[in-house]
Amino acid sequence: MYTYTPSYMSIVINLQKSTIDSLQALFGQSFSEKDFQVNQTKPEFEGDYTVVMFSLVKTLKLSPEVIGTQLGDHLVKNFPQYFSDYNIIKGFLNLSVADNYWLQLLQDNYQDICFGKYPLNNKRVMVEYSSPNTNKPLHLGHLRNNFLGWSVAEILKANGNTVLKSCIVNDRGIHICKSMIAWQLFGNGATPQSTHSKGDHFVGEYYVKFNDEYKRQVKDLVENGMTEKDAEKEAPIMKATQQMLQDWEAAKPEVIDLWKMMNSWVYAGFDVTYHNIGSDFDRMYYESNTYLLGKGIVQKGLDKNVFFTKPDGSVWIDLTGDGLDEKLVLRKDGTSVYITQDIGLADQKYEEDKIDESIYVIGDEQNYHMKVLQLICKKLEVPYANDIHHLSYGMVELPTGKMKSREGTVVDADDIVAEMETVAKNKTEELGKVKDFNEDELLALYHNIGLGALKFFLLRVDPKKKMIFNPEESIDFHGFTAPFIQYNYARINSLLKKNGEINSNLKMAEFLPLERSLVVLLEQYQQIIGQAAEELNPSVIAIYIYTVAKTYSSFFAEHSVSNAESEEKKQLRLQISSLTSIVIKSGMQLLGITVPERM
RNA sequence: GGUCCGGUAGCUCAGUUGGAUAGAGCAUCAGCCUUCUAAGCUGAGGGUCAUUGGUUCGAAUCCAAUCCGGAUCACCA
């Protein structure tokens, strides 16, 4: 889906190309990079990268050893700038990359803060994420969405795309009216100001109150002999809510005023949260503006016979041929439904912003909906039909099951961020390394560490998998976590500060195993950025950056930089350290995580 | 019932365009701070890759069947 011009040619690609050339020269047959596999060499064997021979055996009708020997020989002889040595074990051709190659890579890049990133292309991509409802505050599930959306946007930018972040606010509908009704019934004119509460939490409380009252009324009715189904329809509070929705659609001034007032409270609360977690948007869409969109497109679709009308006047699309069902796109009264709005909004985005790709960060419970949207667009033959991608992510669940706002069993976004900051504060004070920091510096540090730990926790796992969060166990600060990575960055930073200017002109090119492992890893950063974009998967970055930090941590414990065996060694290690710090900072930034200079 | 997703160490997860002895973190145990930040390092134990069968030089990875868990199939959004 995304193809890029790299800023430097990666060693794996060089290996593939030179292998293809060599095979051609040796055996007179042409291969492509898909005909053989290139792996990183396992640590227990000599070498950096490995070509697997088995797939070539059939076509060449030679034993793996024979092919390996000839190929290895040819590669080392003809591409000495890349390969210095080889060995063959079973069907595996292990190649050692020339020390000078690594040295040159280091010298060219050790101060390049753009290392690994791709040059600008002409693609415009929109990432839609967050998409909150205005009847309740954000919870942990929203945070996963926000962090994913932000990170994917950053990853796409690093791949050279121009990215627009957008947000569709779900600001109308029955759920909003529930909070409104409850406030009328139980609020006694209270406001966030009068109760000293955050606007989104304030409104969310009334959403919970609605459901408590609703349950009570249903129970009463059932006790008086009504069936549960009828009771759910007949409960006075539900009837009042439905009336309010109709009044809203009829634009009754007092309902609209109430709606505007309560939404403004929620937005004030959201602003605080978004600012705190570092989310922002280039385009805001409000469902109260877009819910009528798409009707014109449906009309065009009717003309093209993509849609059909049922006797009652409702409009449908038949997707049974694609393994799905019939799907309604316009109600019999002519009003649009969810999918109709999305068709309309997709069109609006395309027209207004001339975007080439559109990414929707939406939970996997909407896989079916997004599939329908993509299918409808294809059948309508709109130009952007193949450029709609769903970044589907799994729910964040508690050990007790799903989080439910209605029942108040949610991990609140503001609460969890504050809690993480407190843990960061306690831990920092315990260690006592930054006693000279002033109050602002301390707050910034707690924020970076606490929020970083949370972001990393949510981003390090494959988005499409659901995850379980146990509020009883606090999120770890050790091991595969952001604080560990941040800590390594801070160590490198202080080391580099102590040692001053780095000599860029090195002749020595001998690497100890850990030094070599680091350079090999760092060289892969560019390819990792590409892979993360292709898969729309920030966990690729998280895992990679952790591996870099972990390897550096071993290196740091094993080898002294300041007191290296020789001046040349010292300079080499400083270059490695410098590039490591650049990659850590850059990679963490792709995850939306700030690295502190000290901690 | 149809469709889709998942099941890997006690726990949380990597690894699936088929490759060498399946990897991390947490937790447990044993070592390591007079030397660049111990939020660290080194090591140990811990596995029927849900089950069964198949494909082949080779399967956690591909195919089939089965079991378990989840999502979805609204004139809600």
Side-chain angles (χ1 to χ4, degrees), chain A residues 34 37 39 41-42 44-45 50 52-55 57-58 64 89-92 94 131 133 168 170 172-176 287 291 310 312 314-316 322-333 335-339 341-342 363-369 371-372 392 394-395 397 401-402 424 427-428 430-431 433-434 449 453 457 460-462 464-470 473 475-488 490-499 539-540 542-543 546-547 550 553-564 570 573-574 577 598-599:
Chain A
K34 280 175 191 151
Q37 200 166 354
N39 298 335
T41 306
K42 299 231 165 198
E44 54 267 37
F45 302 105
T50 296
V52 185
M53 298 288 98
F54 296 111
S55 53
V57 169
K58 253 185 222 162
I89 294 168
K90 294 197 247 174
F92 300 90
N94 302 322
S131 312
N133 291 350
I168 168 90
N170 195 347
R172 62 164 285 279
I174 193 81
H175 48 293
I176 315 293
E287 208 195 295
Y291 84 110
K310 285 200 175 176
D312 66 358
S314 56
V315 180
W316 297 71
D322 300 279
L324 306 180
D325 301 311
E326 288 185 350
K327 180 84 188 170
L328 177 104
V329 293
L330 280 185
R331 297 190 185 97
K332 60 178 175 247
D333 62 6
T335 55
S336 46
V337 292
Y338 182 36
I339 193 82
Q341 296 168 43
D342 267 353
D364 61 9
E365 55 197 354
Q366 298 204 36
N367 284 355
Y368 181 81
H369 173 78
K371 214 167 161 185
V372 169
S392 166
M395 297 290 106
E397 292 179 10
K402 269 187 101 167
K427 188 77 190 168
T428 304
E430 200 180 295
L431 292 169
K433 293 181 189 174
V434 287
I449 295 175
F457 177 80
R460 69 180 195 179
V461 304
D462 189 330
K464 69 171 182 289
K465 290 193 173 177
K466 76 168 183 202
M467 58 191 297
I468 292 172
F469 172 76
N470 188 350
E473 299 166 15
I475 293 174
D476 221 302
F477 278 38
H478 303 275
F480 185 19
T481 66
F484 171 81
I485 298 166
Q486 290 169 319
Y487 170 69
N488 275 288
R491 276 159 135 190
I492 301 175
N493 191 253
S494 78
L495 184 152
L496 291 175
K497 275 214 176 102
K498 267 181 196 153
N499 283 283
S539 77
V540 169
I543 292 164
Y546 170 66
T547 311
K550 189 174 133 77
S553 196
S554 299
F555 162 81
F556 188 87
E558 200 74 28
H559 307 297
S560 175
V561 176
S562 304
N563 297 313
K570 177 175 169 181
R573 288 179 186 166
L574 283 171
S577 299
R598 278 182 57 198
M599 66 186 277

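Residue numbers begin at 1 in each chain, while the letters A, B, ... track the order of the sequences. Below, all heavy atoms of this structure are taken into account, side chains as well, without hydrogens, waters or symmetry copies. Small disclaimer: the values here were computed from a predicted structure and weren't measured.
Residue A:Leu496 holds its CG atom at 11.5 Å from NZ of A:Lys498, rounded to the nearest 0.5 Å. Between atom NZ of residue A:Lys550 and atom CZ of residue A:Phe484 there is a gap of 7.0 Å, rounded to the nearest 0.5 Å. Separation of atoms CZ (A:Phe480) and CZ (A:Arg460) is listed at 5.5 Å; rounding is to 0.5 Å. For the atom pair OH (A:Tyr487) and NE2 (A:His478), the distance works out to 11.0 Å, reported to the nearest 0.5 Å. Atom CD of A:Glu287 sits about 5.0 Å away from atom CZ of A:Arg172, to the nearest 0.5 Å. For the atom pair OG of A:Ser553 and CD1 of A:Ile492, the computed distance is 9.5 Å after rounding to the nearest 0.5 Å.
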**OP:** Please test A:Lys464 against A:Asp462 for salt bridge (charged side-chain N to carboxylate O under 4.0 Å, His left out), starting from the C-alpha separation and ending with a verdict.
**Re:** CA-CA 6 Å; A:Lys464 69 171 182 289; A:Asp462 189 330; 3.2 Å; yes
Subject >> side chain to side chain contact (heavy atoms under 4.5 Å, CB included) between A:Ile475 and A:Phe469, intermediate numbers included >> reply: CA-CA 9 Å; A:Ile475 293 174; A:Phe469 172 76; 3.8 Å; yes
Subject >> Stepwise side chain to side chain contact (heavy atoms under 4.5 Å, CB included) test for A:Ile339 and A:His369 >> reply: CA-CA 7 Å; A:Ile339 193 82; A:His369 173 78; 3.3 Å; yes
**OP:** Starting from the C-alpha separation in whole Å, work towards a yes-or-no answer on side chain to side chain contact (heavy atoms under 4.5 Å, CB included) for A:Leu330 and A:Ser314.
**Re:** CA-CA 6 Å; A:Leu330 280 185; A:Ser314 56; over 6 Å; no
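Taking atom C1' in both B:rA24 and B:rG69, the straight-line distance is 25 Å, to the nearest Å. Look at the P atom in both B:rC67 and B:rC75: the space between them is 31 Å, to the nearest Å. Across B:rC13 and B:rU17, the matching C1' atoms stand 23 Å from one another, rounded to whole Å. One C1' atom belongs to B:rU21, the other to B:rC63, and the distance between them is 27 Å to the nearest Å. Here, B:rA9 and B:rA60 have their C1' atoms 14 Å apart, quoted to the whole Å. Atom P of B:rG18 sits at a distance of 16 Å from the matching atom of B:rA64, rounded to the whole Å. Spacing between B:rG45 and B:rG25 at atom P, rounded to whole Å, works out to 15 Å. The gap from the C1' atom of B:rG23 to that of B:rU8 amounts to 10 Å, rounded to the nearest Å.
Residue A:Ile468 contributes atom CD1, which lies 9 Å from atom C1' of B:rU12 at whole-angstrom precision. The distance between atom CD of A:Gln37 and atom C1' of B:rU61, rounded to the nearest whole Å, is 11 Å. Between A:Phe469 atom CZ and B:rU12 atom P there is a gap of 14 Å when expressed in whole angstrom units. The distance from atom CG of A:Asn133 to atom C1' of B:rC76 is 11 Å, rounded to the nearest whole Å. For the pair A:Leu495 CG and B:rG40 C1', the interatomic distance rounds to 15 Å; values are reported in whole Å. The interatomic distance linking A:Lys464 (NZ) with B:rG7 (C1') rounds to 14 Å, in whole Å. Here the P atom of nucleotide B:rG6 and the CG atom of A:Asn367 are 11 Å apart, to the nearest Å. Between A:Lys427 atom NZ and B:rU37 atom P the separation is 18 Å, expressed in whole Å.
Between A:Asn499 and A:Ile339, the residue whose closest nucleotide on RNA chain B is further toward the 5' end is A:Asn499. Place A:Arg598 and A:Val52 on RNA chain B by their nearest nucleotides, and A:Val52 ends up nearer the 5' end.
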**OP:** Toss me the dot-bracket line for RNA chain B: Watson-Crick and G-U wobble, both under 3.5 Å, 5' to 3', using | for pairs to another strand and [ ] for crossers.
**Re:** ((((((((.[[[[.)...(...]]]].(((((.......))))).....[[[[[..)....]]]]])))))))....
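A:Val461 comes within 4.0 angstrom of sugar-phosphate atoms only, judged by non-hydrogen atoms across all strands, and of no base. Within 4.0 Å (heavy atoms only), A:Glu558 reaches no atom of the nucleic acid at all. Residue A:Leu431 is classed as a base contact, given a heavy-atom separation below 4.0 Å to a base. Residue contacts for A:Lys433: at a heavy-atom cut-off of 4.0 Å it reaches a base atom on one of the strands shown.
OP1 or OP2 of B:rU37 lies within a sub-4.0 Å distance of a side-chain N or O belonging to A:Lys498. Distances shorter than 4.0 Å separate none of the side-chain N or O atoms of A:Ser554 from OP1 or OP2 on B:rC41. In terms of phosphate contacts, A:Tyr338 brings no side-chain nitrogen or oxygen within less than 4.0 Å of OP1 or OP2 of B:rA77. The phosphate of B:rU35 has neither OP1 nor OP2 within less than 4.0 Å of any side-chain N or O from A:Ser560.
Checked against salt bridge (Lys or Arg N to Asp or Glu O under 4.0 Å), A:Asp325 has no partners two or more places apart in sequence or in another chain. For A:Glu397, there are no salt bridge (Lys or Arg N to Asp or Glu O under 4.0 Å) partners two or more places apart in sequence or in a different chain. Applying the salt bridge (Lys or Arg N to Asp or Glu O under 4.0 Å) rule to A:Glu558 yields no partners; only residues at least two apart in sequence or on another chain are considered.
The A:Asn170 side chain lies nearest to B:rA77 when the options are B:rC41, B:rA77, B:rC13. Nearest nucleotide to the side chain of A:Asp462, out of B:rA14, B:rU37, B:rA39: B:rA14.
Put simply, A:Phe54 rests on the base of B:rG19: the two rings are less than 5.5 Å apart at their centres and nearly parallel, under 30°.
Under 4.0 Å is where a charged nitrogen must lie from a carboxylate oxygen, and between A:Asp312 and A:Lys310 no such pair does.
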Subject >> Summary of protein contacts for nucleotides 20-34 of chain B, nucleotide by nucleotide, where a base hit scores B, a sugar-phosphate-only hit scores S (4.0 Å, heavy atoms) >> reply: BS--SSS--------
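In B:rC29 the base sits anti relative to the sugar, since the glycosidic angle is further than 90° from 0.
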What nitrogen or oxygen pairs link the protein and nucleotides 69-75 of chain B at under 3.5 Å?
from: B:rC73; atom 1: O2'; to: A:Asp325; atom 2: OD2; distance (Å): 2.0
from: B:rC75; atom 1: N4; to: A:Asp312; atom 2: OD2; distance (Å): 2.5

